Amino acid sequence: MNSKAVATPTRTKEILSTYGFSFKKSLGQNFIVDVNILKNIIKHAQIDKEAGAIEIGPGIGALTEQLAQYADKVVAFEIDQRLLPILDETLSVYENVEVINQDILKADVKRVIEETFKPGQRIKIAANLPYYITTPILMKLLMDHLPVESITVMIQKEVADRMAAVPNTKSYGSLSIAVQYYTQAQVAMSVPKTVFMPQPNVDSSVLHLQMRTEPPVDVADEAFFFDLVKASFGQRRKTLMNNLVRHFNGKMEKVEIQECLDKVGIDPKRRGESLSIEEFATLANHLYTR
Ligand code: SAM
């Protein structure tokens, strides 16, 4: 066993040169070369020896190795076949790791969970995500309604800020509502570019998403609610009323929209970015059942 962690500049360089591995920018390959950052991710993910862990994009095994040491069992989805022989070597001493060579966006994660972990086991997702598909991956994981407790991921700072944003801020938008409908979102820490090889062009943060057992608001029709939220942020500088008139495009008269807004006590001159998730839910339910 090599006593030096994978997530060190010397060991990572050594592994890359032994295998003649060249980074694929198109797959968002920026590997972590700092063990402290990884230990922090594990701490924020609250991973312990009882927990099962799912990783997306193990790369050469920097985070996977740490997860194997702290968790009961680890499953990692990696799209790049060239990394499989490397992972075979770097993770050879760990008997509690399984690597699945699959695109996470196409994976049946629920089935993998059923087949891999013990019934009722606490499961955590932890990853340094490929930045080019951060949002699709997270939305897929949320929409799949997986039996996991939390998702802790390193992502682009700007996207983490948007997902955890509160009303009346620049970052607040339909993505904040979509994520916060399913989770309690919190930016856990910021991460400097220097811990990556190669260094990315953007700043990074670790985002912690604690899954909710119930949505924070009662919504009569989820598709109608999410469409309304998206439309309300459609043209950010326009009033809520203008965006709603545009959204319903004659399917609902302006007076009807005005009546609903009056009924729920929301000033039509407000901007979408000032509405809380509760206000969006109340408005959507009134418009839906008018
Ligand atoms: N976990 C490693 C680390 O922290 O050093 C690597 C992280 S790197 C930012 C992202 C990893 O995700 C790469 O290994 C890349 O090949 C993999 N990846 C990219 N797209 C993927 C997809 N659709 N499904 C699964 N893995 C993917």
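Whatever order the structure lists them in is the order used to number ligands and atoms, beginning at 1. Remember, it's a predicted structure, so these values are computed and weren't measured experimentally.
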Could you check [atom] against the protein and tell me its nearest heavy-atom contact, residue, atom and distance included?
| atom | answer |
| --- | --- |
| atom 14 (O) of ligand 1 | Glu78 OE1, 2.8 Å |
| atom 24 (N) of ligand 1 | Ile104 N, 3.0 Å |
| atom 5 (O) of ligand 1 | Ile32 N, 2.9 Å |
| atom 18 (N) of ligand 1 | Ile79 CG2, 3.6 Å |
| atom 4 (O) of ligand 1 | Asn128 ND2, 2.9 Å |

Treating [X] as the side-chain partner and [Y] as the backbone partner, does any N or O pair qualify as donor plus acceptor under 3.5 Å?
| X | Y | value |
| --- | --- | --- |
| Glu279 | Ser276 | yes |
| Thr90 | Ile60 | yes |
| Tyr172 | Leu275 | yes |

Should [X] be listed as contacting ligand 1, given a heavy-atom distance under 4.0 Å as the test?
| X | answer |
| --- | --- |
| Gln102 | yes |
| Asp103 | yes |
| Met154 | no |
| Leu129 | yes |

Please list, in number order, the atoms of ligand 1 under 4.0 Å from a heavy atom of [X].
| X | value |
| --- | --- |
| Tyr132 | 19 (C), 20 (N) |
| Gly28 | 8 (S), 9 (C), 10 (C) |
| Leu27 | 15 (C), 19 (C) |
| Ala62 | 5 (O) |
| Gln29 | 13 (C), 15 (C), 16 (O) |
| Phe77 | 25 (C), 26 (N) |
| Ile133 | 23 (N) |
| Asn30 | 7 (C), 8 (S), 9 (C) |

Go through the steps for Lys263 and Glu259 under the test salt bridge (Lys or Arg N to Asp or Glu O under 4.0 Å), then give the verdict. CA-CA 6 Å; Lys263 224 185 264 176; Glu259 267 171 27; 5.9 Å; no
Taking atom NZ as the centre, does Lys193 end up with more than 12 heavy-atom neighbours from other residues, nucleotides or ligands that are less than 6.0 angstrom away? yes
Heavy-atom count check: over 12 atoms from other residues, nucleotides or ligands less than 6.0 Å from Glu95 CD? no
Ion pair Glu256/Arg290, N-O distance below 4.0 Å: yes
Tell me whether Lys118 is salt-bridged to Asp72, with the criterion being a basic N under 4.0 Å from an acidic carboxylate O. yes
Using the ring of each side chain (for Trp, its six-membered ring), is Phe233 parallel, tilted or perpendicular to Phe280, with breaks at 30° and 60°? tilted
Hey, can you tell me if Tyr181 and Phe225 have their rings parallel, tilted or perpendicular (30° and 60° cut-offs)? tilted
Could you tell me whether Pro58 approaches ligand 1 through its side chain, its backbone, both or neither, with non-hydrogen atoms closer than 4.0 Å? backbone
Tell me which pairs pass side chain to side chain donor-acceptor pair (under 3.5 Å) where either residue lies in residues 197-221, with sequence neighbours left out. Tyr131-Ser204, Thr152-His208, His208-Gln210, Asp221-Tyr288
Reference residue Tyr19; test side-chain hydrogen bond (donor to acceptor under 3.5 Å, both in side chains); the match among Arg82, Glu89, Glu14: Glu89
Test of proximity, Gly57 against ligand 1: N or O pairs below 3.5 Å: yes
Can you find an N or O of Leu83 that's nearer than 3.5 Å to an N or O of ligand 1? no
